[in-house]
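One-based numbering, in listed order, for ligands and for the atoms of each. Note that these values count all heavy atoms, side chains included, but never hydrogens, waters or copies made by symmetry.
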Amino acid sequence: MKTCILSPTQILEKTDDSIINSVEKTVKETIEKYNLITQTDKVIVAVSGGKDSTTLLHILNKLGYKIEAFTVDVHIGCYTEQNLANVKQLCEKESVKLHVFSFRKTYGHSICHARDTLNSKGVNVNSCTVCGVMRRRMFNIIAKKTGATKMATGHNLDDEAQSILMNIFKNRTTLNARISPLQQLKNTDMVPRIKPLFFVTEDEIIQYSKARKFFVHYGRCPCSVTSLRSAVRDFLNECKQLNPNATQNIMNFFMKNKQHFCKKQHKEIQTCANCGQPTVSLTCRTCELLQQIKMPAQSI
Ligand code: SF4
Ligand SMILES: [Zn+2]
């Protein structure tokens, strides 16, 4: 198959119809090339009310796959209230069943409160670490609870290029072995994760979402300002001012050389001694954080 990647320069010249066709074609080709979804799969789509997951849900639905959606309300004021309203409207319009879960109900506190409590106990974590780690655990449980055989997330090419750089910055390059449109962890019963937007750039998704007139929030999460991802995203956006193909080139280089970089695989996946979720240590990071914060995890 030819490369899925288009340059933003080409994209900027596209009409509404052509951006719609090219994004949908790239997603379809990615699904087929990586065998992400079969006709017997039940796919649970993680939706947030943002442009990426809205685009993902719409395209998977249009392609006729058997899908349901879920969202985790992380209680970040007006930002999540508006997103939740958008998600409900989207699923109603697309006639897709929506499951709503609450971070606060599951863990007993909002993200900001959990972060503040951890910080006050000397644990230096930002909102995105708390949110990312603890939501990831919820995702695994939700996928099984809904009987899904695949879980789809709206990660785009820019997100993945950021992850590659972040792993390099943190000297955790073996984690790059997991960067792929299909993430299927060996020795676990984790529902495989798929990323059908893996080869679609953020610029393309913005244009697609606007062409489709999706009712979504284009701004950033107010809690993202302190994260490393946010700093890397800003850095890459600056690079794209100088070279519009910067993120595509990072991804092309990575995909071509992935086997070489990822020879030394990441640690074996085990199950957390406390909650049974996948982890590389004795206990998972969520259980570690909960222990530090001294709050028991409730069932979802
Ligand atoms: S930006 Fe950070 S805090 Fe906000 S939703 Fe994403 S991971 Fe959570
Ligand atoms: Zn655990």
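- With hydrophobic clusters built from ILVMFWY side chains whose heavy atoms lie under 4.5 angstrom apart, Ile179 shares a cluster with Phe169.
- Leu90 and Leu63 end up in the same hydrophobic cluster when Ile, Leu, Val, Met, Phe, Trp and Tyr side chains are linked at under 4.5 Å.
- Sorted by first and then second residue, the ring-ring contact (aromatic ring centres under 6.0 Å, His included) pairs involving residues 40-68 (not counting sequence neighbours) are His58-Phe214.
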**OP:** Report the C-alpha distance between Phe103 and His75 in whole Å, list the side-chain angles of each, state the deciding distance to 0.1 Å, and finish with yes or no for ring pair (Phe, Tyr, Trp, His ring centres under 6.0 Å).
**Re:** CA-CA 7 Å; Phe103 185 96; His75 310 283; 7.7 Å; no
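- Within the structure, the salt bridge (Lys or Arg N to Asp or Glu O under 4.0 Å) test picks out no pair touching residues 87-104 (sequence neighbours left out).
- Taking a heavy-atom cut-off of under 4.0 Å, ligand 1 is surrounded by Cys128, Cys131, Arg135, Cys221, Cys223, Ser224.
- The pair Lys105-Asp73 does not count as a salt bridge, with every side-chain nitrogen at least 4.0 angstrom from each carboxylate oxygen.
- The pair Glu24-Lys28 does not count as a salt bridge, with every side-chain nitrogen at least 4.0 angstrom from each carboxylate oxygen.
- In this structure, Glu68 CD and Thr146 OG1 are separated by 6.5 Å, a value rounded to the nearest 0.5 Å.
- By the criterion of a separation under 2.8 Å, the protein N/O/S atoms near the Zn ion (ligand 2) amount to Cys272 SG, Cys275 SG, Cys284 SG, Cys287 SG.
- The pair Asp159-Lys195 does not meet the salt-bridge criterion, since no charged nitrogen lies less than 4.0 angstrom from a carboxylate oxygen.
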